[in-house]
Structure formats: C-alpha cells, structure tokens
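Here's the structure we're looking at; comments come further down.
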Amino acid sequence: MTPLLLGVRHHGPGSARAVRAALEAAAPAAVLIEGPPEGDALIPLAADEQMRPPVALLAHATDDPGRAAFWPLAEFSPEWVAIRWALANGAAVRFIDLPAAHSLALTAEPEAGPQEAEEDAPDVRIDPIAVLAGAAGYDDPERWWEDVVELRGSRPAPDRGPADDAAGEAGPFAPFTALAEAMAALRETYGHGGHDRDLVREAFMRLQIRAAKKEFGDSGVAVVCGAWHVPALMTATTVAADKALLKGLPKVRTDMTWVPWTHRRLARRSGYGAGIDSPGWYSHLFGVPDRPVERWMTKVARLFRDEDRMVSSAHVIEAVRLAETLAVMRGRPLAGLTETVDAVRAVMCDGSDVPLDLVRDRLIVGDVLGEVPDTAPAVPLQCDLTRQQRSLRLKPEALERELDLDLRKDTDAAKSRLLHRLRLLAVGWGEPAAGRGSTGTFRESWRLRWEPELSVKVAEAGVWGTTVLSAATAKAEAQAGAATALAEVTALAEQCLLAELPDALPVVMKALADRAALDADVSHLAQALPALARSLRYGDVRATDTAALGEVAAGLAERICVGLPPACAGLDADGAEEMRGHLDGVHAAVGLLPDADGITERWRSMLRKLAGRDSVPGVIRGRAARLLLDEGHLEEDEAARLMALALSPGAEPAAAAAWIEGFVGGASGGGLLLVHDERLLGLVDSWLTGVSAQAFTDVLPLLRRTFSAYEPGVRRTLGELVRRGEGTAATRTRTDAGVPGFGPGLDTARADAVIPVLGLLLGIDDNELNDLAGVAG
C-alpha cells in the first residue's frame, strides 16, 4: 500500500484548502513535504506567534554566502498549511527534497545570485498547467486553474448544484486522484519535461518515503509535493537504482534559516520560476470566509478612497453585479480575477487602465512583508542590524517609502550612519534621493525598500564582522588597500565620513595620500577632488576632524592648477567634453575648500589662461570664460571680446560651435544670459547667419544639443527676440549707446512706478521713500 500522495500546485489556495481537508480526513502520523531536509530543525518555528508568512527558507553555502537558494511559503501555500496542521495535531513533519547541500553545489553559476528553489525552475521545457488548460479548451492557464481548483468551495451554499454534491460525496481525496491521473498522462508523454535534475530529486524523495513507511507504516504517511512529481513517486523502483542516481553528487556545507518574504517576490513577473500572477488575489481567496467577490470589491473601494478617488457603496454594488454577470456570460462557476478586473475598470475607473494599475500593484500583487521570530538562527551581523532597526524605529517594509533626515538630531544622524554603512557593505536597503526641502548638508533624503534578497547580502557581509560598524570598517580598510584608482579612494573617503568610520579613516587617508602622490594624470586628480570637497562639508555637519583630508584636497587643487592648462591642449572632441565636466567639478570643489593658501585666486588665474589660449579646445575655453563671468571676475566687455574672437570669420565653424557650447550650453543658465545680454545674442546671431550651408550641416548637431537643453520658456523668449530683430546685427548700434547688455538710457517714469510698491514691501512712509529716491538718483 502506498502512502497518501497529495500532489499540489505551489502557492495555490485551492490546493491548500484541499490539503487541509485531506489531512483532517486521513490524520496521518507523519507528513512529508517537498523541501530541503536541512530545514527540519526550523520547522517548529512555524508555530511561533511571531512567524507571519510569507516567509522563506534560506540556505546558503557557509563559505560562500552568495551561493544561496530560497524556498518561499505563503499562508496559502499547501506546504505551509501542511506544516501548520502537523504541528497542531502532533504529527511528525519532515522535508524530503534533495538536500540544499547538493542543490547548491549543483548550481552551475553561483555568482549569478540566489535562486528560488522549487520544481518549476526556469529551465523546465513544458508547463503542465498550460498543457492541461489547452486540453480543456482554455487559452489562459490561470483562468483554467481558477475554474477547476481555486474557485472550488468558494461558492455560497445556494449556488451549489448536483455536480458539487457529487464532488463532495467523492471525498477530500478526489481532487488529488484526478490531478495525479492527469500528471501521469503528461509524464508518459513528456518524461521529465526537460528538467534532468527532477530525476535525482525524485530518487531522493523515494528513499525518504521508504524510510518513513518503515517507521510509521503505509497508512501513517502523507506526502505533500508538486503534482508533477506524483507519478514518479508512485513508480516502483529499487533502492539500489535510486541510490545509484544519487551517487557522486557534489556537496557543500550549508547554513539555513527563515527569512521574511514578500507577495511581490511570489509573483511570476519578479522572475520566480514557480511564481503566480496574483499572490494578493490568492491570499484573499484563501483568507475570506465567504462572499469573496463582495469582499474584494470592498478592498478595491477602500484603496481608491485612500488615494482620494470618489468611490461610493453604489460603485461596489454595481461592480459586484457586473462581475457576476460576466462570469455567467463566460460560463465560469464564479467571478474570478478576470471578471473582477473588468468590472473595476468599467465601474470604478471609468474605463481607464491608469487607476487600475494601482489595484494590480497594491492588491492583486501586493506588498505584504512577512515576519520571522527572533529565535530564528541568523548570522551575528543580521542580529546587530535587527537590533539597530528596532532601536532606531526603522522597520523594514516591502513598500517603497521616502525618509527625510535632519542630521542635527541624534536619532536621524544615527539612521544616516546605519544606512551609509549598509551601502558600503552593498546592502542596498536605502538609496539616497533628492530631498524636497533644504539642500544643506544637514539634511538627507532616502528611498527605502526591503527586498528578501537583502538577507543574502547581509549574510555575505557577515564575513567582514559581527556588527554593522565593525563590518563596514573592515571592508573600507580592505577596499582602501585594494583600490588602484585615485577616484576610488576619494569616493571611499567620502563614504567613511558619511558612515562615520573613525577607525577606517586613517587607513583610507594614508592610501589616499599615497595614490595622490603617485598619480600624475590631471584628469584623475580632477575626478577625485570633488568628493574630497564634499567630504569636508560632511565633516562640518558631523563634527568630524577633517584636517588631514583638507591638506590632501589642497594639495590636489594645487597640482590641478599647475597641470590643467597643458593637459587641455590638443584634446579631441570627446576628450574635451570629458575635460569640461572635470572643469565644472573642480570649480565647484574649489568653492568649498578653505582659501587659506590662496587656492581660489590661483584657480581663477588658471581659468584666465584657459580662456585666452588658442591651443585649448573651444568647449573648454568657452566654459572657462563663462565660469569667470558668473563669478564677476570677467568684465562683460572682455566676455564679448572673447566671444567675438571665437566667432570671427577666420575661426572654424566646428570650433566656434564648441565655444558656444562651452559658454552658454547645458543647464548653466546660458539661455538667460543670452536673453538679458543683447550684445552676446547679437554676436551669436551674426555668426550663425554667416555660417555656410555646408558648415552649418556639420555644426547643427552640436548647436541642437546646446539650445535644446534650455527651458521651453527661454527658447521661446530667444525666438521672440530674434524674430523682432533685438540683439541682432541690425540693432547692435542702438544697444551699444546704453549700458552694456541693456537698452539705450534709463526709463525714469517706469523706474519711479516701482518706488511705492517698494515702500509697501519695506513698510516705510513717503518721506523716507523720497529720501531713498534722492539717494538712488
């Protein structure tokens, strides 16, 4: 007599309900479940009050935590239901799949990242559900599975008919018998379905079943496994044949624990091989006691109301009626997900898919994040991280959220340190985001989202230390010693300051000084300086001693001032564009450095050299002139002279276009400069109208890139000025008579009209206004 074989679909609420009914009827002494046997010691934790699915068994190689695999379980997973039933009824419960020690060793590409371990792996050649659905005349496997399995038992009592009564009389084992027969027919046709490892796994499961039968008897054993395996487990084979398939399998030492999982990672679109399309919908079907469609529509209405959409109870009633009507018209036993989606779109979304995407994301898939008990085994680093998360009230959540920090507050500063240390350890729980408020150094904004894979990242980072601080310090020191590029070390120094790693900073600073002394490439120095300048600002707000960092930064700035002019000579177009980016970065960095040694003045002197040197590419000359002009260290007349030289008839059109790109290109406000300075606009207009047709074709892409970066309003204003002839060669004689860049003379009537408004803003009387006007005059 064979044991009770309950073939299921992973993560199917209908299968889960059927498994529970079958176990209640059979009351076996032992329940065997498809899963890694290393997890047997963790099974009792499933009864812990803190355990809340979805969760997953995580196995990873002890010496290589990056080689890992997950076995996810949701509350509607048949395996989870079987585990909970066995623990509640005193039955023995064991996992019988191929041990993780073998499956991880068999992983062909461990560096590709953790895998979800289950029977429907991505390399299966056939989809049994799709084949059965096609044989039944369905073009959608999910809809067929819903009709045949998931919606069984979901109908209210008045809707039950003779067919349902007959099914009920057949007993709780009938669904498994029918499914086993269907899978047997598929296995006869397709064999192992293209997944060779199934043969090894099934051989191991047969050996485990034989051992359980000897211990508990034939009738005392129930097996819960993927329906695809049932025919193979029913096949009569010898012990020797099964052991021969397992002989010589590679093996690695593994550790295993429970980790939180999410509904989103159960979804097929996440890349999970045994994933389902709608974990949120399946959770709803499994959890509601009755009237699933009505309760679902109520959830949708509540979601829309939370998002400030007008949805009334009448919408809910009409949506339920429409879903039920669609089910009748389509010949379905009950309104399924397709009908509810169509009804929500028509009744609550006015036919639009835009609000419907919210339903798909929040409800049909969902962001539920499971929890595991504190007693679950974990690497020391994970324990320290959990402790800090609780003390700082930073709860991991599957739903992405924004976090704004004020570093002047101790708690917010501690949160910032933790997130920066985790980033250094490659645990990407938080990513820096653009803040909505102040851009000062005392504010930070983060985008947080906890993914299950981060548990593997924490396990990997555990090799560096037992606490987040010690691990981040050790990794920073190791990276400082292994870094080969100066920019890598400067970026690391910035990370150490942000993460507040005082023990690692001296090691990083020594490596930084050594690399800076040996690196003679000006572009490398220019690439490294901005990070150092930012680090000085971070040190100010974090009260960190950055004296050594300031000395290195000042030395880099000195060397850049000396080496940049010759480094800019003879560059091609791509090299010049890259160097312009370095020029911008260094200019911003110099503005952040303390000017005790006159660095700022030396930098301005270097910019003047670049602006006036013909051997320097036009884009760099133009950018240098613009930087000087913006800071008030280049007279407008001199800027106009430099532009006139660059755009003179003897200049190559491509070089002239590059100068324009450097001077007024990008997001540097060059468009506004042309709007307000008609002389410069006139020079550009005169040059552009004088370019030959052939040369114009060559410079057009560069000009389009230059002017397309302007705001639409700026482009429109420039167009209006050119259309009216302002700033062009025809009007330049008129503008030259007045203040450079403005009209000829002062319109005193318009200026006097501003004075009363100014008085209202300043809160002063007419006498004081007159005095001010006299002084201004």
Side-chain angles (χ1 to χ4, degrees), residues 10-11 33-43 45 51 53-74 77 79 95 97-123 195 197 200-201 204 249-262 264-267 270-275 369-372 376-386 396 398 422 425-429 449-466 468 471 475:
H10 301 303
H11 319 307
I33 299 173
E34 181 183 335
E38 293 93 337
D40 287 351
L42 302 175
I43 288 177
L45 291 175
M51 181 74 86
V55 293
L57 285 168
L58 164 63
H60 63 83
T62 304
D63 299 329
D64 183 11
R67 185 185 300 188
F70 297 102
W71 284 262
L73 297 171
S77 299
E79 297 88 344
F95 289 120
D97 202 351
L98 189 69
H102 295 307
S103 60
L104 291 179
L106 289 170
T107 302
E109 297 179 355
E111 67 275 9
Q115 306 291 323
E116 287 82 11
E118 73 307 296
E119 56 115 352
D120 287 330
D123 54 345
H195 198 182
R197 196 180 299 180
V200 178
R201 296 172 59 200
F204 187 86
L249 288 180
K251 188 176 182 179
V252 296
R253 193 157 59 95
T254 61
D255 291 325
M256 180 166 283
T257 186
W258 289 106
V259 295
W261 205 249
T262 65
R264 192 171 301 279
R265 290 295 288 119
L266 285 172
S270 71
Y272 175 31
L369 176 65
E371 295 181 5
V372 298
V379 296
L381 181 62
Q382 178 66 66
C383 296
D384 181 64
L385 174 58
T386 301
L422 291 176
L425 291 170
V427 181
W429 177 23
R449 183 170 185 168
W450 185 266
E451 297 285 359
E453 290 83 353
L454 294 180
S455 298
V456 177
K457 294 294 186 181
V458 174
E460 286 185 279
V463 301
W464 296 107
T466 57
V468 177
K475 187 173 183 181

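Just so we're clear, the structure is a prediction, and the values are computed from it rather than from any experiment.
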Enter the distance from [X]:[atom1] to [Y]:[atom2] here, rounded to the nearest 0.5 Å.
| X | Y | atom1 | atom2 | answer |
| --- | --- | --- | --- | --- |
| Asp64 | Thr254 | CG | OG1 | 12.5 Å |
| Phe70 | Arg265 | CZ | CZ | 7.5 Å |
| Ile43 | Trp258 | CD1 | CH2 | 7.5 Å |
| Ile33 | Asp97 | CD1 | CG | 12.0 Å |
| Glu451 | Leu369 | CD | CG | 9.5 Å |
| Glu38 | Ser103 | CD | OG | 7.0 Å |

Practice task
Please assess Met51 against Val372 for the test side chain to side chain contact (heavy atoms under 4.5 Å, CB included), listing each intermediate value before the final yes or no.
Solution key: CA-CA 5 Å; Met51 181 74 86; Val372 298; 4.1 Å; yes
[X] vs [Y] side-chain heavy atoms within contact, under 4.5 Å:
| X | Y | answer |
| --- | --- | --- |
| Trp450 | Ser455 | yes |
| Val200 | Leu98 | yes |
| Leu45 | Pro377 | yes |
| Pro452 | Val259 | no |
| Val456 | His60 | no |

Where is the tightest heavy-atom contact between [X] and [Y], given as atom of each residue plus distance?
| X | Y | value |
| --- | --- | --- |
| Val379 | Ala459 | CG2-CA, 4.2 Å |
| Ala59 | Trp71 | CB-CZ3, 3.7 Å |
| Gly370 | Pro260 | O-CB, 3.2 Å |
| Pro250 | His102 | O-ND1, 2.9 Å |
| Leu104 | Arg67 | O-CD, 3.2 Å |
| Gly35 | Phe95 | O-CB, 3.2 Å |

For the pair [X] (side chain) and [Y] (backbone), establish whether a donor and an acceptor sit closer than 3.5 Å, ignoring hydrogens and angles.
| X | Y | value |
| --- | --- | --- |
| Thr257 | Ala376 | no |
| Asp255 | Thr62 | no |
| Thr466 | Pro380 | no |

Handout entry: More than 12 heavy atoms from other groups under 6.0 Å of NZ on Lys457
Key =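 No, because the 6.0 Å sphere around NZ of Lys457 holds 12 heavy atoms or fewer from other groups.
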